[in-house]
Each structure stands twice: as C-alpha cells, then as structure tokens.
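In listed order, ligands and their atoms are each counted from 1. Quick caveat: nothing in here was measured; it's all calculated off a predicted structure.
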Amino acid sequence: MMNTQPLFQPFTLNNGVEIKNRLAVAPMTHFASNDDGTASEEELHFISNRAADIGLFIAAATLVADGGKAFAGQPEACGEKDLDGLRKLAESLKNQGAKAILQIHHGGKLAIAELNTADKIAPSADEATGSREVTPVEIENLINAFANATDLAIQAGFDGVEIHGANGYLIQQFFSGHSNRRTDEWGGSVENRLKFPMAVVDAVVEVREKHARPDFIVGYRFSPEEPEELGITMADTFALIDALVAKPLQYLHVSLWDFHKNARRGADTNRTRMELIHERIGGKLPLIGVGNLLSAEQIVNAFNTGWAEFIALGKAVMINPTIGTLLKNGETDKIITALDPEKMDHYGIPSRLWSFCVAGGAWLPPVKGKDWQPVDL
Ligand SMILES: Cc1cc2nc3c(=O)[nH]c(=O)nc-3n(C[C@H](O)[C@H](O)[C@H](O)COP(=O)(O)O)c2cc1C
C-alpha cells in the first residue's frame, strides 16, 4: 500500500510557526462573492469542508484595489466593508485546523473593465486589452493597496497572506520584459523590473511589523516562464528567487499546471522547473509545488521527488472535498480524479464555477465521460 505518511510531517517556518503537514490547498477563484466583493454564503459553503487535515489553505485571489478586478464574483480586501466576510472566511478555515492564508491580487491589464470603476492600468499601455500605462503616483497607490489588504487580513484573523505574483497579473506584468516596456525606474533592466514586486513585499512586511505580528505568514507566488519572446525565462526567475530569498518571507509558491514539466528556456531544458527552482532556493525558504496532481499516487510521488516542501492541490480538492483526511487515513482508493456532473450538491462548488466545470476546460477538473487535456503552458 502507498505510504501517505511522509505528507503528514510538520514543518516549522522561519518565523517559528508550525504547519502541521505538507498539504496546501491551492488558491481557487470561485466566482461566488457578492457583487461588492464581500463574502457570500455560497463561497463560505465551498470552503466549509475543504480544510480538514490541510496545513495551509490559500484562499482565492482577493482584489486589493478598484481597477484590478479580473473575475466576476471576485472577493475583495479593499476596505472596512470587507472585514466581516473576511473574518468569516478566516474563522472557517482556522476552525477546520488549517492555517488561513489570503491571496492578495490585482489583475492589471487582465482586469475586466465592466467590473471596475477605475481605469484599466498596466506597467505599459496595452492595446490588446485597452489598458493605459500606470503613472508613478498610481504605482505608489498600488503598493499601498497591497499593504492595506494585508492590514485587513490581519484584522480579520488570517494567519498570513500570499502575494499573487503569478498567472500574468499585475505583479508579474511588472516583472515581465514582455508586459513591462517602461523606461523609468520601474522598467528596463531585471533590477528595475524587480522593483515593483519587491516594493510590494516590503510594504506587506511593514504592515506585519506595524502590528507586531512576526507569526503572520507572508508567501509569494510566481509563474516561472512566459511563452512570449521577451517574456519571463528561467534565468529571470532565478533573479526573482535570489531577490525573494533575501526578504523576510516564509515561503515561495510556484504556479504550474504540470508539476513535472521541464524548463522551456533560460536553464537546463532537460530538467524540471520544480527541480531547478528548488535547487536555486537552496533551502533558504520552503517551496510549494503544484500541478495536475490528482491521484494519491501522483501526490505522494510528487512529494517524494524532494523538489517541494509542500504540495498544493487545486482540482483534486474541488473533486474530493475531504482529500486531506482521506490521505491522512490512507483511504487512497476513495480519492477520485473526475467530477461526476450529476452530483452538484455533493461537491458544494458555487453555481457559476460549477457551470464552467460542467462545460469543461483544460484548467478545470476532468469531468466523467468527457475528454480532457490539462493546460500546457
Ligand atoms: C477553479 C480554479 C481557480 C483558480 N484560481 C486561482 C487563483 O485565484 N489564484 C491562483 O494563484 N491560482 C488559481 N488557480 C490555479 C491553481 O491555484 C493551481 O495552480 C492550478 O489549478 C494547478 O493545480 P491543480 O492541477 O492541482 O489544480 C485556479 C485554478 C482553478 C482550477
């Protein structure tokens, strides 16, 4: 029988906080918050039974400022009005025994105009998405917005925040030579492209210091490569990692659709991104790995590579709400790898997300009786 117990060793972060096991729930946008970004019953129901026997539960990408909303029904951490709902989310996750981490996000050029009042902005003007170049004053406001969201997360009782520097959104846009073509101090060289991500990290850490909360966890998520000619390469990502490990962070989280995918360029393309990233970090911070790990065997094998201190699960948690407990108890034969479209009530997936799932998509869980190919990025 497969041994799932290695996943259940605790890990102590560099700020002394113990995470009870090596499982993380990957952040998952649920398209279910109220229109004003406050938490809804549907969203609370979705997370109500998915955090048992999970170490870190990273809640959905949560908007930090008007202008950056990128999903209908996206949660917000913009102001006082959001506190009540954020408290309910944190409380639910903590009551289930997980560390509650809020992912803080701004969509930049991927924001949806109709969902925002403020202009669509990006590091550089982008005709394809109708975004204008953000001004230096607005850049300072954006950094402050990430700090403000962190303040709200602390007030709401979250155990930490994860800075969303991945999946092509604002922070990644600043780091990308493809999206960022600025000629001022915020663009150009790798050092300049790192300025915005690092300013966000510093601002978030400062809020933790202001609250005298060294136990508050700060993580950073990044996407290691972009396909575009001037986009992020593994070599860029190594520079990002070097800058991040010098900061007082608690973990790094790579965003991948396939845990085992090899590097595309800028490093040895015969080796996996996971292995290369883990090697570069060199034990200075723990790494969360992720990507199409659906069966117990895939999850255990990924952990046993030694390339990640934590394994995050997204789709597997949608399909198996109690996967943490099933893995802990060795009930691996009960873990299923496709949604049954007849069983909406069983899963408790919010209705809009459920309709996306049933229609099918590479980024969504496989559905019984339907062909499915994972995202290949
Ligand atoms: C429904 C859904 C919503 C997602 N929303 C987010 C998000 O809010 N923030 C984020 O960083 N990644 C998001 N992702 C990506 C996941 O965190 C994860 O990296 C990806 O699904 C691959 O892991 P998996 O194969 O275990 O699902 C989302 C994925 C899914 C399926």
**OP:** Determine yes or no for a side-chain-to-main-chain donor-acceptor pair under 3.5 angstrom, with Lys81 supplying the side chain and Asp36 the backbone.
**Re:** yes
Original post:
Which of the atoms in ligand 1, numbered in the order shown and given with their element, are less than 4.0 Å from a heavy-atom of Asn292?
Top reply: 24 (P), 25 (O)
Subject >> Gly314, any N or O under 3.5 Å of ligand 1 N or O >> reply: yes
Subject >> Candidate pair Gln173 and Asn180, rule side chain to side chain donor-acceptor pair (under 3.5 Å), full reasoning >> reply: CA-CA 6 Å; Gln173 289 162 29; Asn180 181 349; over 6 Å; no
Original post:
In the protein, which heavy atom is nearest to atom 3 (C) of ligand 1, and how far is it?
Top reply: Thr29 N, 3.3 Å
Original post:
Around Lys334, counting heavy atoms of other residues, nucleotides and ligands shown, do more than 12 lie under 6.0 Å from its NZ?
Top reply: no
**OP:** I would like to know whether Ser124 and Glu133 meet side chain to side chain donor-acceptor pair (under 3.5 Å); could you show each step before the answer?
**Re:** CA-CA 4 Å; Ser124 300; Glu133 182 183 291; 5.0 Å; no
Original post:
For atom 9 (N) of ligand 1, which protein heavy atom lies nearest, and how many Å away is it?
Top reply: Gln103 OE1, 2.8 Å
Original post:
Which residue and non-hydrogen atom of the protein lie closest to atom 19 (O) of ligand 1, and at what distance in Å?
Top reply: Arg221 NH2, 2.7 Å
Original post:
Knowing that exactly one of Asp242, Asp268, Asp236 qualifies, which makes a salt bridge (charged side-chain N to carboxylate O under 4.0 Å, His left out) with Arg280?
Top reply: Asp242
Original post:
Which heavy atom of the protein is the closest neighbour of atom 27 (O) of ligand 1, given with residue, atom name and distance?
Top reply: Lys315 N, 2.7 Å
Subject >> Check: Leu353 N/O within less than 3.5 Å of ligand 1 N/O >> reply: no
Original post:
Backbone, side chain, both or neither: what part of His30 comes under 4.0 angstrom of ligand 1, heavy atoms only?
Top reply: neither
**OP:** Determine, for Glu275 against Arg271, whether the closest basic-nitrogen to carboxylate-oxygen distance falls under 4.0 angstrom.
**Re:** yes
**OP:** Mark up the atoms of ligand 1 that fall under 4.0 Å of a heavy atom belonging to Leu256, in ascending order.
**Re:** 22 (C)
Original post:
Does Leu313, backbone or side chain, put an N or O under 3.5 Å from an N or O of ligand 1?
Top reply: no
Subject >> Minimum-distance protein heavy atom relative to atom 23 (O) of ligand 1 >> reply: Val290 CG2, 3.3 Å
**OP:** Could you list the atoms of ligand 1 found under 4.0 angstrom from a heavy atom of His164?
**Re:** 9 (N), 10 (C), 11 (O)
Original post:
Is it true that Val317 lies under 4.0 Å from ligand 1, counting heavy atoms only?
Top reply: no
**OP:** Measure the CG-CD distance between Asp66 and Glu76 for me, rounded to the nearest 0.5 Å.
**Re:** 8.0 Å
Subject >> Side-chain ion pair, Lys88 and Glu91, N-O less than 4.0 Å >> reply: no
Original post:
Should the proximity of His105 to ligand 1, defined as any heavy atom under 4.0 Å, be assigned to the side chain, the backbone, both, or neither?
Top reply: neither
Subject >> Heteroatom proximity flag, Trp257 to ligand 1, N/O under 3.5 Å >> reply: no
Original post:
For ligand 1, which atoms, with element, lie under 4.0 Å from some heavy atom of Asn167?
Top reply: 10 (C), 11 (O), 12 (N)
Subject >> Phe259 and Trp307 aromatic ring geometry - parallel, tilted or perpendicular at 30°/60° bounds >> reply: parallel
Subject >> Distance-only N or O hit between ligand 1 and Trp363, under 3.5 Å >> reply: no
**OP:** Measure across Leu170 and Pro123 and return the closest heavy-atom pair with its distance rounded to 0.1 Å.
**Re:** CD1-CD, 4.3 Å
**OP:** Anything under 30° is parallel, anything over 60° is perpendicular, the rest tilted; go ahead and classify Phe71 against Phe31.
**Re:** perpendicular
Original post:
Would you find more than 12 non-hydrogen atoms of other residues, nucleotides or ligands less than 6.0 Å from Lys328 atom NZ?
Top reply: no
Subject >> Proximity flag Gly291 to ligand 1, non-hydrogen atoms under 4.0 Å >> reply: yes
Subject >> Identity and separation of the nearest protein heavy atom to atom 6 (C) of ligand 1 >> reply: Pro27 O, 3.1 Å
